[in-house]
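Letters go in sequence order (proteins before strands), and every chain restarts at 1.
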2 protein chains.
Amino acid sequence: MRVTIKDVAREAGVSKATVSKYLNNAPYVSEHTRQLIEAAIRKLDFQPNSTARGLRNHRSHCIGVIVASILNPFYPQLIQGIEDVATARGYALLLASSDGDARQEHQIVQAMRQRQVEGIIFASVRLTDREVLKLKRMHTHVILASRHLPDAPVDYVIVDSYKGAYLAVEHLLMHGHRRIAHIGGPENIAQFADRMRGYSKALEDAGLDVDPTLVIRGGLRLEDGELAFRQLMALANPPTAIFAATDNLAFGVLRAARASGCLIPEQLALVGFDNVPFSDIAAPPLTTVDGNALGIGRHAASLLIDRIESAQGSSTAESDHTAAPDPMHLLFEPQLLIRQSCGCQTTEQIRR
Amino acid sequence: MRVTIKDVAREAGVSKATVSKYLNNAPYVSEHTRQLIEAAIRKLDFQPNSTARGLRNHRSHCIGVIVASILNPFYPQLIQGIEDVATARGYALLLASSDGDARQEHQIVQAMRQRQVEGIIFASVRLTDREVLKLKRMHTHVILASRHLPDAPVDYVIVDSYKGAYLAVEHLLMHGHRRIAHIGGPENIAQFADRMRGYSKALEDAGLDVDPTLVIRGGLRLEDGELAFRQLMALANPPTAIFAATDNLAFGVLRAARASGCLIPEQLALVGFDNVPFSDIAAPPLTTVDGNALGIGRHAASLLIDRIESAQGSSTAESDHTAAPDPMHLLFEPQLLIRQSCGCQTTEQIRR
DNA sequence: AAAATCTAGGAAACCGGTTTCCTATCTCGT
DNA sequence: ACGAGATAGGAAACCGGTTTCCTAGATTTT
C-alpha cells in the first residue's frame, strides 16, 4: 500500500541501510547496486518520508512564517521574498497569521515548535523580548522581518523607518504644509515608534511643534485609516496633509476622503509608507516610502537559513552552546516615491 | 537539552506509555498520576514532537496550499479563508507558489507528499487530470479552489465563472456598448474558458458576433493587462469596452490607460472579475464580479478536512478502498458589483 | 607472502512518540 | 470467600527512515 524504504530494499534485493546510503548519496554503493535501487524506486514510485528522516536527524527543513494578516497587502510581498529563497534552499514554509494578537501568536509559536520548525520569521511580533529569547534558547532560530525589538539580541531585517518617515514629512513640508497629521501604527511596535520619531524630528527641524491632536495611533487595518481621517477632519483646525504610517492606512484615508467628497491632493495631501503593489493604481497614485518588502523577505529567509545551517554544522563539532553569534541587523535605505497624492504634478520620481 | 516524553516520564516517575496516555487523554490514568505528569510537563516545558507522533499515526495534521502567485491579490483572501478553518480545526498550512508552471507545481506536490501533507488545495492547477487522480490514489486528498478540471472526478469549490462573465458583459451591453473586448486568462484553465464562454454567450444573446481581434488571451499578471490594452487600442477599430477576466488584468488596463491618457470610463468602459480588496480604491473604482475568495477558501478547507477525517475514520473500520466518495462540486453564485469603471454614475450596487 | 587498508553491504540501535499486550490490584455480585 | 470484570500502569514493538558498527572480500603496501 504505502511504499517504504523496506519495500524498495526488498525489490532491489539489498538492505534498508544500503538504500538509505543511496538516498543520501553516501559513498560505498556500487554502480550495480545503485542501478538496482534506482529501478526499484522508479517501479514502486517511492517517496522518502521526510518526517521519518527528520525525526532521526532532528531536521525538518521547515521554517515558520508569522504575519499579522495576510490581507494586509504588505505581507504577500514579504512572503514571496521568503518563499523565493526558502524553496531555492530546500525549505518549506509553514504560514500562519496572528491577527496582531499576542495570545494567538503564542499559540502559533507553540504549534510551530511542536512541528519542529527550524526557525521562525516574525513579520509580526507581539511577544515580549523574554519570550523571543526563550525561543532562541530552545533551538528555534528567530528572525524579525520588518519588525524589531530594540532590547533583545535578535536578528532583524527592516527598512529604516525613522529615515523614511523623515523623508515623507520633509516632502510635505516642502509643499508648504504646516499642519501635518500622522496616522500611526500601534505604539508598542518599534517600527511604528520609529516612524513617529521620524515624523516628529522632521517637524522639529522645520521649527514646528508636534500637535498631539494631529497624531492618531491605533490599528493597521484600512478601516482604522478611515476612522482616523474622519476624526482628523472633524477637528476645529484640521490638517492640510497626512503622513500615514502604512499604505494600507493611506488607502483608508483615500476611501473615506472620497466618501466625504474631500479631494486629494487638492484639499488634503497624503503620503503613505510601504509602496504596496497597488499604491500606484490608487486614485490618486499614492506618494509613499518604498519599504522593499520583497528584499526584506529574501534577506530574512537567507539570514535565517544561514543561521540554521551554521548551527547545524557546529553542533557536531566542538560547539559551546553558550556562544551565541552576535545578532545581525540589516537596515534597508528607504526611498521616497513621489507620485500624486502629495500634490506633486510630476510623473513618478525617487528621492533618498 | 531537548526534552522528550522520556524525560517527562522519568520526572513524573511513570512510564512513557502512561505519559502518552495522558497526552491523548486516554482512559485509565489516575487523578494522582495525571497531576504528577502535569507538574513534570510544566517544569520541563515539554512540547510533544508532532512529527514523531505523525510517523506512528500516519497523520501530519498538515495541509498543502498551492497558489500561482501570492502577489496576485486574489490569493491572499483565499489563503485567509483556508487558514481560518484549518487553524480552527487543528491543521497547519504548508504554502507554496507555482508561478503557474506545471514543472514547479509537480515539484511542489512531490515535496509536499514527502512531508506527508494529508491533503492539498490547488488554487492553481497545471497538472493533468491523470496526475491529479494519481495523487488521490496515493492517500493525498485533493481539492481544487477557484479552479476545476472538467473531466476528473475531483472536489472543487468555485464561483460560477460562466454566469459571472455573462453578468459583466450583459451590463456593458446595457450601457450600449457593441464593441466589447475580452482580456482572458490562459486558455487551458477551465475557469477562464468558462469566463470566455460567458462573454461569448452574452454577446450572442444580444445578437452580436465575437470579433476574434477583440479577444486577447494569455497571462494573468498585471503587465499582461497593460499589454493587452495597448494591443487593443492599436486596432483600426478599437473596442469601447473591456471585460477583463480578473481584476488584476483590469488593473493593468487601468495603469496603461492612465499612461496613455485614455479616460476610463469616458473613453473606455471596464469591468473586472474577482472583487479583489483594492478594486474599490482604484481610479476609478472598478466595476467587477465578486469572486468570494474568502468563502471559497473556507469551504475548500472545510471540505478537505471533512474528507481527511472521514477517510481516517473509515480506514480502521471495514473500508473497501475502492469506494471513492462522489466528488463534491460547490458553485458560488456570482454578484456583479457596480461601481464606476463601467460608466455608471451611481454609488455601489449589486446585481445577481 | 603477510599485513594493512579500502570497499561494499548488512544487522541492529536509534529518533520520539503510540499502541498492543500483559500483569497486578481493586471492586463487586453471589 | 471466590471468580469476573474494571482500573491503572508498564515492557516492548512499531512507524520509516539514518547511523553506527561489524564483517568479508579485494586491493595495496612492505
Side-chain angles (χ1 to χ4, degrees), chain A residues 1-37 40-41 44-62 111 113-118 138-139 312 315-316, chain B residues 1-37 40-41 44-62 111 113-118 138-139 312 315-316:
Chain A
M1 176 96 297
R2 214 159 218 132
V3 25
T4 75
I5 202 175
K6 208 164 140 190
D7 302 314
V8 174
R10 189 180 334 101
E11 177 72 28
V14 298
S15 74
K16 280 167 52 179
T18 304
V19 177
S20 176
K21 280 172 191 157
Y22 165 82
L23 289 173
N24 298 286
N25 40 27
Y28 305 145
V29 179
S30 72
E31 185 51 32
H32 177 238
T33 309
R34 193 178 299 280
Q35 292 187 0
L36 286 177
I37 294 173
I41 287 177
L44 302 176
D45 186 27
F46 169 68
Q47 299 278 348
N49 178 330
S50 68
T51 71
R53 166 180 297 176
L55 179 58
R56 174 64 214 229
N57 292 343
H58 302 291
R59 303 281 328 251
S60 63
H61 277 276
C62 218
R113 276 187 59 202
Q114 297 193 358
R115 288 172 196 282
Q116 311 299 113
V117 297
E118 297 188 48
M138 301 281 181
H139 311 273
Q312 200 60 24
S315 72
T316 30
Chain B
M1 175 97 298
R2 211 160 222 129
V3 26
T4 76
I5 203 175
K6 207 163 140 189
D7 303 314
V8 174
R10 189 182 332 101
E11 177 73 26
V14 297
S15 74
K16 280 168 51 180
T18 303
V19 177
S20 176
K21 281 172 190 158
Y22 165 81
L23 289 174
N24 298 285
N25 39 27
Y28 305 145
V29 180
S30 72
E31 185 53 32
H32 177 238
T33 309
R34 190 177 302 280
Q35 291 186 2
L36 286 177
I37 294 174
I41 286 177
L44 303 176
D45 186 28
F46 168 68
Q47 299 279 348
N49 179 330
S50 68
T51 71
R53 167 180 297 178
L55 180 57
R56 173 64 215 228
N57 292 343
H58 302 291
R59 303 280 329 251
S60 63
H61 278 273
C62 218
R113 278 187 59 202
Q114 296 193 358
R115 287 172 199 280
Q116 312 299 113
V117 298
E118 298 188 48
M138 300 281 181
H139 311 272
Q312 201 59 25
S315 72
T316 28

Nearest-angstrom distance from the residue atom [atom1] of [X] to [atom2] of [N]:
{"X": "A:Lys21", "N": "D:dG17", "atom1": "NZ", "atom2": "P", "answer": "16 Å"}
{"X": "A:Arg59", "N": "C:dG16", "atom1": "CZ", "atom2": "P", "answer": "16 Å"}
{"X": "B:Ile5", "N": "D:dA11", "atom1": "CD1", "atom2": "P", "answer": "14 Å"}
{"X": "B:Arg2", "N": "C:dC15", "atom1": "CZ", "atom2": "C1'", "answer": "10 Å"}
{"X": "B:Arg53", "N": "C:dT19", "atom1": "CZ", "atom2": "P", "answer": "9 Å"}
{"X": "B:Arg34", "N": "D:dG9", "atom1": "CZ", "atom2": "P", "answer": "9 Å"}
{"X": "B:Arg10", "N": "D:dG10", "atom1": "CZ", "atom2": "C1'", "answer": "16 Å"}
{"X": "A:Ile37", "N": "C:dG9", "atom1": "CD1", "atom2": "P", "answer": "8 Å"}

Looking at [N], I'd like to know if its phosphate oxygens (OP1 or OP2) sit under 4.0 Å from a side-chain N or O belonging to [X].
{"X": "B:Thr4", "N": "C:dG16", "answer": "no"}
{"X": "B:Thr51", "N": "C:dG16", "answer": "no"}
{"X": "A:Asn24", "N": "D:dT18", "answer": "yes"}
{"X": "B:Arg56", "N": "C:dG17", "answer": "no"}
{"X": "B:Thr33", "N": "D:dG9", "answer": "yes"}
{"X": "A:Asn57", "N": "D:dT19", "answer": "yes"}

Side chain of [X], heavy atoms from C-beta onward: which of [options] has the nearest atom to it?
{"X": "B:Tyr28", "options": "D:dG17, D:dT7, C:dG17", "result": "D:dT7"}
{"X": "A:Leu55", "options": "D:dG17, D:dG9, C:dG16", "result": "C:dG16"}
{"X": "B:Ser20", "options": "C:dA11, C:dT18, C:dG16", "result": "C:dT18"}

For D:dG17, does the base pair up with any side-chain atom of A:Lys16 as donor and acceptor (N or O, under 3.5 Å, distance only)?
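Per atom types, the contact qualifies.
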Could you report the tightest heavy-atom contact between [X] and [Y], atom names first, then the distance?
{"X": "A:Phe46", "Y": "A:Leu23", "answer": "CE2-CD1, 3.9 Å"}
{"X": "B:Arg2", "Y": "B:Asp7", "answer": "O-OD2, 3.4 Å"}
{"X": "A:Val8", "Y": "A:Ile41", "answer": "CG1-CG1, 3.8 Å"}
{"X": "A:Ser60", "Y": "A:Gln116", "answer": "OG-O, 2.6 Å"}
{"X": "B:Leu55", "Y": "A:Ala52", "answer": "CD1-CB, 3.6 Å"}

Between B:Val29 and A:Leu23, which has a closest nucleotide on DNA chain D that is more 5'?
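That would be B:Val29.
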Checking all strands, does B:Phe46 fall into the base, sugar-phosphate, or nothing category for heavy-atom contacts under 4.0 angstrom?
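Sugar-phosphate, backbone atoms only, no base.
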Identify whether any heavy atom of A:Val19 sits under 4.0 Å from a base atom; if not, whether one sits that close to sugar-phosphate; answer base, sugar-phosphate or nothing.
nothing
Under 3.5 Å, side chain of B:Thr51 to main-chain N/O of A:Thr51, donor-acceptor pair present?
no
Determine yes or no for a side-chain-to-main-chain donor-acceptor pair under 3.5 angstrom, with B:Arg34 supplying the side chain and B:Val29 the backbone.
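Side chain of B:Arg34 to backbone of B:Val29, a donor-acceptor pair under 3.5 Å: yes, one is there.
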Walk me through whether A:Val14 and A:Lys21 qualify under side chain to side chain contact (heavy atoms under 4.5 Å, CB included).
CA-CA 11 Å; A:Val14 298; A:Lys21 280 172 191 157; over 6 Å; no
Can you give me the bend angle of the helix from C:dA1-D:dT30 to C:dT30-D:dA1? Use the axis through the first five pairs and the one through the last five, nearest 10 degrees.
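The two end axes of the helix from C:dA1-D:dT30 to C:dT30-D:dA1 meet at 40°.
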